[in-house]
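Reviewing the structure listed below.
Residue numbers begin at 1 in each chain, while the letters A, B, ... track the order of the sequences. Being a predicted model, the structure only gives us computed values, none of them experimental. Atoms considered below: every heavy atom in the structure, side chains included; atoms not considered: hydrogens, waters and symmetry mates.
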Protein chains: 2
Amino acid sequence: MDKRDLRDLHVLVEHVGPLAAGAHIFREGEPFNALAAVRAGTVKTWRVDRDGREQVLGFHLPGEVIGLSAIDGERYPCNADALEPVQLCRFSFTKVATLATRVPGLQRELFRLLSRDIAHAERLAADRPAEARLAAFLLDLSARLSRGNPATGHLRLAMPRADIANYLRLAPETVSRLFRRFRDDSLLRVRGREVEITDRRRLEAFAEEPPGHRAGS
Amino acid sequence: MDKRDLRDLHVLVEHVGPLAAGAHIFREGEPFNALAAVRAGTVKTWRVDRDGREQVLGFHLPGEVIGLSAIDGERYPCNADALEPVQLCRFSFTKVATLATRVPGLQRELFRLLSRDIAHAERLAADRPAEARLAAFLLDLSARLSRGNPATGHLRLAMPRADIANYLRLAPETVSRLFRRFRDDSLLRVRGREVEITDRRRLEAFAEEPPGHRAGS
DNA sequence: CGATAGGTTGACGGTTCTCAAGGGAGGTGG
DNA sequence: CCACCTCCCTTGAGAACCGTCAACCTATCG
């Protein structure tokens with residue numbers, strides 16, 4: 001991707017926001033016209049399955065792209081909400097795709113983003129105990145928040161416990177009990193949505209724990 | 001995509017097989033050089049997670065493409081085995097990608113295939129009771145085997161129960177008991193790997209069942 | 001016929017869910 | 001400044017779903 005291509009890409013970008021916490025970014029079924037990259041804040045994507053129950057698909061931090069899974073159809077397959085004040089860049093997808101036919105590096109980047117989402121969903125589908133899920137979630141969040149820099153171990157969760165639980169396919173009560181257990185084992189320091197990872201090594205051990213005695217699926 | 005493009009695509013195709021049941025098509029970590037489309041037979045994709053346990057990611061029937069999730073990196077992220085005698089078409093991915101920069105329709109098709117895999121993995125990650133998982137699995141398989149034609153309701157499962165169970169994140173015993181229950185409720189007729197769906201309507205009702213009283217995740 | 005792989009069935013226990021009630025924390029109005 | 005409300009989170013008790021362990025059965029094959 002040379003300078004001219006970068007300029008072409010830049011022209012497609014439309015800055016959006018700040019959007020207030022709780023704002024709808026797009027909704028399931030809306031015509032798919034744009035990808036978006038998060039510039040600030042946290043975005044939650046979710047869907048309602050046939051029984052009418054909300055299902056959280058992911059949380060998106062600054063630097064991450066949302067709306068990719070819409071590329072298949074003409075409509076968004078999920079909803080996206082702002083969990084806190086959010087700023088976005090929007091790209092017209094058809095224009096990006098057209099540009100990608102001229103710029104192999106851009107096409108490759110789009111493929112990379114899509115297959116990263118596949119890997120993400122496959123990890124979510126893995127069969128692991130509740131404590132491993134929460135531990136992995138916190139470590140993943142910590143790594144993504146620091147974006148390459150050495151992770152500080154301090155997190156400010158943008159989402160309520162219920163969203164974490166839903167995302168991890170657990171009951172909110174289970175998440176609460178796990179936070180308590182991790183704190184009692186002095187893996188974390190927790191006060192509301194402020195979390196500090198105090199023993200990363202042992203938290204990683206929990207995250208890799210095998211299914212062991214499972215009850216649920 | 002016009003005729004010349006079709007011819008260009010055709011040149012990239014290499015017919016492979018028949019491969020015997022149990023044959024390895026590619027293995028995790030191998031350099032990623034080709035996509036493959038299944039022409040006959042059934043392919044299982046799977047991975048070993050850090051605890052050394054096998055995790056089945058999917059089953060691929062004639063007409064379906066495997067290896068897509070490798071597009072991200074330079075290496076296959078999973079293994080692919082033949083469950084029964086299999087015939088394939090292999091495409092050099094780099095050549096397909098290069099061609100895709102000239103043929104927007106092909107690029108769009110690749111995006112479509114990738115985002116379909118995202119949707120698949122998200123469905124797998126959904127939190128539903130064991131009976132809903134198995135019911136949905138059988139209905140999905142039935143639909144994919146008939147490829148548009150009216151589904152006959154008759155299935156010949158290419159995979160052992162253990163693979164079905166692993167794919168659905170259940171214990172093999174649970175799958176066995178569910179087959180028995182579905183048969184006792186006369187939703188299915190089952191004899192080994194021969195399955196006939198005798199009451200599609202009620203099977204669909206089971207497939208959409210809400211989590212209800214769950215125990216596991 | 002014995003061996004092996006795959007499938008079934010039963011008993012039991014565990015992880016996690018549901019149901020229910022009880023504490024903050026933050027905002028608004030008096 | 002205090003009362004009050006509303007979320008959000010926590011904690012407890014009991015039950016449920018499903019996994020593990022173990023045994024047995026069946027079919028295929030040499």
Rounded to the nearest Å, what distance is computed from the [atom1] atom of residue [X] to the [atom2] atom of nucleotide [N]?
{"X": "Arg169(B)", "N": "dC17(D)", "atom1": "CZ", "atom2": "P", "answer": "22 Å"}
{"X": "Leu170(A)", "N": "dC17(C)", "atom1": "CG", "atom2": "C1'", "answer": "10 Å"}
{"X": "Asp163(A)", "N": "dC7(D)", "atom1": "CG", "atom2": "P", "answer": "15 Å"}
{"X": "Asn166(B)", "N": "dG6(C)", "atom1": "CG", "atom2": "P", "answer": "14 Å"}
{"X": "Arg161(B)", "N": "dA27(D)", "atom1": "CZ", "atom2": "C1'", "answer": "14 Å"}
{"X": "Leu157(B)", "N": "dG6(C)", "atom1": "CG", "atom2": "P", "answer": "15 Å"}
{"X": "Arg53(A)", "N": "dT18(C)", "atom1": "CZ", "atom2": "C1'", "answer": "12 Å"}
{"X": "Met159(A)", "N": "dC8(D)", "atom1": "CE", "atom2": "P", "answer": "14 Å"}

Ion pair present between [X] and [Y], side-chain N to carboxylate O less than 4.0 angstrom?
{"X": "Glu173(B)", "Y": "Arg180(B)", "value": "no"}
{"X": "Lys44(B)", "Y": "Asp163(B)", "value": "yes"}
{"X": "Glu30(B)", "Y": "Arg75(B)", "value": "no"}

Original post:
Between dT16(C), dC18(D), dG7(C), which nucleotide has the shortest distance from any of its atoms to the side chain of Ala130(B)?
Top reply: dC18(D)
Original post:
Quick one: which of dT16(C), dC17(C), dC18(D) gets closest to the side chain of Ala171(A)?
Top reply: dC17(C)
Subject >> Validation row: Asn79(B), Glu54(B) side chains within 4.5 angstrom (heavy atoms) >> reply: no
**OP:** Measure the acute angle between the ring planes of Phe206(B) and Phe182(B), then classify it against the limits of 30° and 60° as parallel, tilted or perpendicular.
**Re:** tilted
**OP:** Identify whether any heavy atom of Arg193(A) sits under 4.0 Å from a base atom; if not, whether one sits that close to sugar-phosphate; answer base, sugar-phosphate or nothing.
**Re:** sugar-phosphate
Original post:
Within the distance-only criterion (no hydrogens, no angle test), does the side chain of Thr198(A) pair as donor or acceptor with the backbone N or O of Ser186(A) below 3.5 angstrom?
Top reply: yes
Original post:
Hey, can you pull the residues of residues 172-189 of chain B with a non-hydrogen atom under 4.0 angstrom from DNA chain C?
Top reply: Glu173(B), Ser176(B), Arg177(B), Arg180(B)
Subject >> Atom of Val38(A), atom of Ile66(A) and distance for their closest heavy-atom approach >> reply: CG2-CG2, 4.5 Å
Subject >> Atom CZ of Arg112(A) with >12 non-hydrogen neighbours under 6.0 angstrom >> reply: yes
Original post:
Applying the salt bridge (Lys or Arg N to Asp or Glu O under 4.0 Å) test to Glu194(A), which of Arg156(A), Arg189(A), Arg183(A) qualifies?
Top reply: Arg156(A)
Subject >> Axis deviation across the helix from dC1(C)-dG30(D) to dG30(C)-dC1(D), five-pair ends, to the nearest 10° >> reply: 30°
